[in-house]
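Here's the structure we're looking at; comments come further down.
By convention in this document, chain letters (A, B, ...) are assigned in the order of the sequence lines, proteins followed by strands, and residues within each chain are numbered from 1.
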Amino acid sequence: MNKKIRVRFAPSPTGELHVGNARTALFNWMFARHSGGAFILRIEDTDESRSALSYQINLYEDLKWLGLDLDEGPQIDSSYANGYYGPYKQSERLDIYKNHLQKLVEEDLVYPCYCTEKELEDERQALILSKRMPRYMGKCRNLTGDERKQRENEGRRPSFRFKVQPQVIEFEDLIRGAMKFEGGAIGDFIIMRSNGMPAYNFAVVIDDHLMNITHVIRGEDHLSNTALQMMLYKAFGFEPPTFAHHSLIFGKDRAKLSKRHGSVSVGEFRKQGILPEALINYLALLGSSFTEGREILSCEEMVKYFSLERTSKSGAIFDEEKLHWLNAIYIRNCKTEDLVERLRPFLQQAGFKTDVIDAKWLNQVIELVKTELTTLSEIGSYINIFFNDKYEMTEEARKILDSEKARKVIIAFNEYLKTAKENLQELYPAAIKCAKEKTGAKGKELFMPIRAALTGKTTGPELDKVFAIIGKEAALKRLKLATS
RNA sequence: GGUCCCAUCGUCUAGUGGUUAGGACGCUGGCCUCUCACGCCGGAAACCGGGGUUCAACUCCCCGUGGGACUACCA
């Protein structure tokens, strides 16, 4: 009988959710949803000095925004269900780690280490200087009971180290195939810190086992750690889960993706006006491929077609331009009413008071500029022409208006508007026709002056639509301004 | 230094011994058009190097080279 698949995303709340971690979360989520398994969140907050609750809250917001719903995890508010394998925060599982440490102590598989950080650092430096591999040489491994007592009396609090036996460690990785590690170079590593907090490799093994995790999907940066963890699985007699180590994301220069490459956290992309669907789609695409070379997929489709075998083994460079391309497509495909809702915070921020703007009119405006948008935050620069009759004129527009012929076009157009009786629909074509006949201008020389006068720019949506939105009164005002 | 991972256009990738090496972003030429955007049609652009194995290697093996990870009382 197959066990129910259970995967976990286990970040440490020490900063904003990085896209690399978001991608790991996504892989886990897709794997769980694809196989009908459970997606679990575990908070690895054993580093007290770096962890903060605010980051944890932030993490929940980001996951929710991305649409990665949890089956189990620490409860922050009622919208996130707890599960039966809690607590899901490592800082609340300290007793569990202590008990497990005790087992290993009794079996003599670990020993207390009284070295201070200074002593360890000195040892490291000495080894490096003598061109040997820096690692713990096992100074405290064979301390007698008396020696230990003596150190305790000095007030030293021990950390606990795992006794590493020289061995070859092998396991099967779902993405990379057969893995083999020469364990001879690994020094006795700390599993419990002197402050009573478990070290990463220790806590993961215990938690993954106790939480019945069947597949550990994580970044390649954990590949080497897996060897240490395998030793621990063996020591405890636990059956190890199946591992899958995916490749990492890099910046353009193949260096670790960091702030100097631009946005790197989910929050930053959200503020920039990237749609969650676009980010998800991009992250799923990065270092992966779907059937028939498809690139634009809904969440449902991604879940359906997802397979770890199709994720690439090599690292991938984060290409913000392609993300933007995807984002633009999602914006275009968004129903205008929905888009307006998503745009609201960005409009507010750009100084447009959306609550007093006529909804129907706003819809028309957005409909018109939809295809120009790459990110939501750019909205202001595309719609300001509809709001302000005293716009700023660009250099190009000014130039267009300078010519004598342009002036004539504007005057003819303006004159017609003043006296016209037609409704808004028929007004524009009629006025254009009039200007055309009176001046003999056509094509560019006919439309550009009007565009420049009406919008202050030489680029923008189709003029007839722009006209229909700003209306006759505003048009007259602008024409007057442009000719003065 | 040690252990380990990786290697197809600039970038993300398809490819599983025989292909004109395909697609996408970006770049670029054209069409559409008052302009920009969208859309449509076209173009340039890649198998890291050297040895094997084989009738035949991008594909399999070995060795280089290059990039990356880990090597913490961080995770």
Side-chain angles (χ1 to χ4, degrees), chain A residues 10-12 14 44-47 49-51 90 113 115-117 120-121 124 127-128 131-136 157-161 173 175-176 179-187 189-201 203-204 218-228 245 247-248 250 252 254-256 282 285-290 292-296 310 312-326 328-329 332 369-374 382 396 400 432 441-452 455 457-464:
Chain A
S12 58
T14 54
E44 311 221 324
D45 57 347
T46 55
D47 185 345
S49 61
R50 295 200 307 148
S51 298
Q90 292 189 325
C113 170
C115 295
T116 61
E117 286 193 50
L120 293 172
E121 186 52 30
R124 265 180 65 82
L127 284 168
I128 291 171
K131 292 206 160 186
R132 286 195 289 164
M133 192 183 44
R135 59 157 167 159
Y136 185 67
R157 302 267 77 213
S159 59
F160 285 83
R161 286 183 186 269
D173 188 284
I175 294 175
R176 282 154 210 284
M179 292 294 116
K180 190 176 169 187
F181 288 81
E182 299 294 335
I186 301 171
F189 57 93
I190 289 180
I191 58 171
M192 185 67 86
R193 298 188 263 166
S194 53
N195 65 3
M197 286 300 215
Y200 167 74
N201 284 307
V204 209
R218 66 204 341 180
E220 191 189 10
D221 48 341
H222 288 292
L223 202 49
S224 316
N225 284 327
T226 310
L228 310 191
H245 290 93
S247 60
L248 269 20
F250 302 104
K252 286 190 218 318
R254 289 227 164 250
K256 209 170 193 169
Y282 180 68
L285 214 55
L286 191 59
S288 214
S289 63
F290 292 94
E292 294 158 17
R294 289 195 51 195
E295 302 216 305
I296 299 165
R310 283 193 81 82
S312 131
K313 292 196 263 270
S314 53
I317 290 176
F318 191 88
D319 181 2
E320 198 160 1
E321 287 192 275
K322 188 150 185 177
L323 204 213
H324 281 166
W325 166 74
L326 265 170
I329 289 177
R332 257 174 263 142
V369 300
K370 237 172 137 171
T371 56
E372 320 248 357
L373 283 178
T374 299
Y382 290 107
E396 292 82 10
I400 299 273
I432 285 287
K442 59 181 180 183
K444 221 169 191 164
E445 56 182 359
L446 170 65
F447 288 94
M448 271 321 229
I450 296 172
R451 172 179 293 284
T455 70
K457 294 180 182 175
T458 54
T459 64
E462 289 102 88
L463 260 185
D464 55 336

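- rG17(B) sits 7 Å from rA56(B) when the C1' atoms are compared, rounded to a whole Å.
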Pair Asn225(A)-Tyr200(A), side chain to side chain contact (heavy atoms under 4.5 Å, CB included): steps then yes or no: CA-CA 9 Å; Asn225(A) 284 327; Tyr200(A) 167 74; 3.9 Å; yes

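- At the heavy-atom level, Arg157(A) lies nowhere under 4.0 Å from the strands shown.
- Among the heavy atoms of the strands, none lies under 4.0 Å from His245(A).
- Residue contacts shown for Cys113(A) are absent, as no nucleic acid heavy atom lies under 4.0 Å away.
- Nucleic acid contact class of Leu285(A) (heavy atoms, under 4.0 Å, all strands): sugar-phosphate only.
- Rounded to whole Å, the separation between the C1' atoms of rU59(B) and rC48(B) comes to 16 Å.
- In this structure, rC70(B) and rG2(B) make a Watson-Crick or G-U wobble pair, each of the two defining distances being under 3.5 angstrom.
- Atom name C1', nucleotides rG50(B) and rG66(B): the rounded distance is 15 Å, in whole Å.
- Taking atom C1' in both rC9(B) and rA44(B), one finds a spacing of 10 Å when rounded to whole Å.
- With hydrogens and angles ignored, the 3.5 Å screen pairs no side-chain donor or acceptor of Arg50(A) with any backbone N or O of Ser12(A).
- The residue Asp221(A) sits close only to the backbone: its heavy atoms come under 4.0 Å of sugar-phosphate atoms, none of a base.
- First and last contacting nucleotides of RNA chain B toward chain A (any atom under 4.0 angstrom from a heavy atom, 5' to 3' order): rG1(B) to rA75(B).
- Atom name P, nucleotides rC27(B) and rU65(B): the rounded distance is 38 Å, in whole Å.
- The C1' atoms of rG22(B) and rG1(B) are separated by 43 Å, rounded to the nearest whole Å.
- Taking a pair to require two hydrogen-bonding distances under 3.5 Å in either a Watson-Crick or a G-U wobble arrangement, rC47(B) remains unpaired.
- Using a 4.0 Å heavy-atom criterion, one finds that Lys180(A) contacts the sugar-phosphate atoms exclusively.
- Using atom C1' as the reference point in both rG68(B) and rG52(B), the two lie 28 Å apart (nearest Å).
- Every residue two or more places apart in sequence or in another chain that forms a side-chain hydrogen bond (donor to acceptor under 3.5 Å, both in side chains) with His324(A) is listed here: Gln272(A).
- Among the protein residues, Phe250(A) comes within range of the sugar-phosphate backbone only, with heavy atoms under 4.0 Å from sugar or phosphate atoms but none that close to a base.
- When heavy atoms are screened at a 4.0 angstrom cut-off, Pro11(A) is found touching no nucleic acid atom at all.
- Here rA7(B) sits opposite rU65(B) as a Watson-Crick or G-U wobble pair (both hydrogen-bonding atom distances under 3.5 Å).
- Heavy-atom nearest nucleotides on RNA chain B were determined for Ser289(A) and for Lys256(A), and the one closer to the 5' end corresponds to Ser289(A).
- Across all strands shown, rU20(B) forms no Watson-Crick or G-U wobble pair with both key distances under 3.5 Å.
- Within a 6.0 Å radius of CZ in Arg157(A), other residues, nucleotides and ligands contribute 12 heavy atoms or fewer.
- Within the 3.5 Å criterion, the main-chain N or O of Met179(A) finds no donor-acceptor partner in the side chain of Asp173(A).
- With sequence neighbours excluded, no residue satisfies side-chain hydrogen bond (donor to acceptor under 3.5 Å, both in side chains) with Thr374(A).
- Arg451(A) comes within 4.0 angstrom of a nucleotide base, judged by non-hydrogen atoms across all strands.
- Within the 4.0 angstrom heavy-atom criterion, only backbone atoms of the sugar-phosphate kind lie near Met179(A); the bases stay farther away.
- For Pro11(A), the side chain to side chain contact (heavy atoms under 4.5 Å, CB included) partners two or more places apart in sequence, or in a different chain, are Phe9(A), Leu41(A), Leu59(A).
- Across all strands, Glu220(A) comes closer than 4.0 Å to base atoms (heavy-atom distances).
- As rounded to the nearest Å, rG30(B) and rU35(B) have P atoms that lie 14 Å from one another.
- Heavy atoms of Gly183(A) sit nowhere under 4.0 angstrom from any nucleic acid atom.
- Thr458(A) comes within 4.0 angstrom of a nucleotide base, judged by non-hydrogen atoms across all strands.
- Residues meeting the side chain to side chain contact (heavy atoms under 4.5 Å, CB included) test with Arg135(A), sequence neighbours left out: Met133(A), Met137(A).
- Nucleotide rG42(B) forms a pair with rU28(B), judged by Watson-Crick or G-U wobble geometry with both contacts under 3.5 Å.
- Residues satisfying the side-chain hydrogen bond (donor to acceptor under 3.5 Å, both in side chains) criterion with Thr459(A), sequence neighbours excluded, are absent altogether.
- Across all strands shown, nothing is found opposite rC36(B) as a Watson-Crick or G-U wobble partner with both distances under 3.5 Å.
- Ser49(A) comes within contact range of no nucleotide atom at all, as no heavy-atom separation falls under 4.0 Å.
- Checking Gly460(A) against Ser194(A), the closest nucleotide of RNA chain B that is more toward the 5' end is the one next to Gly460(A).
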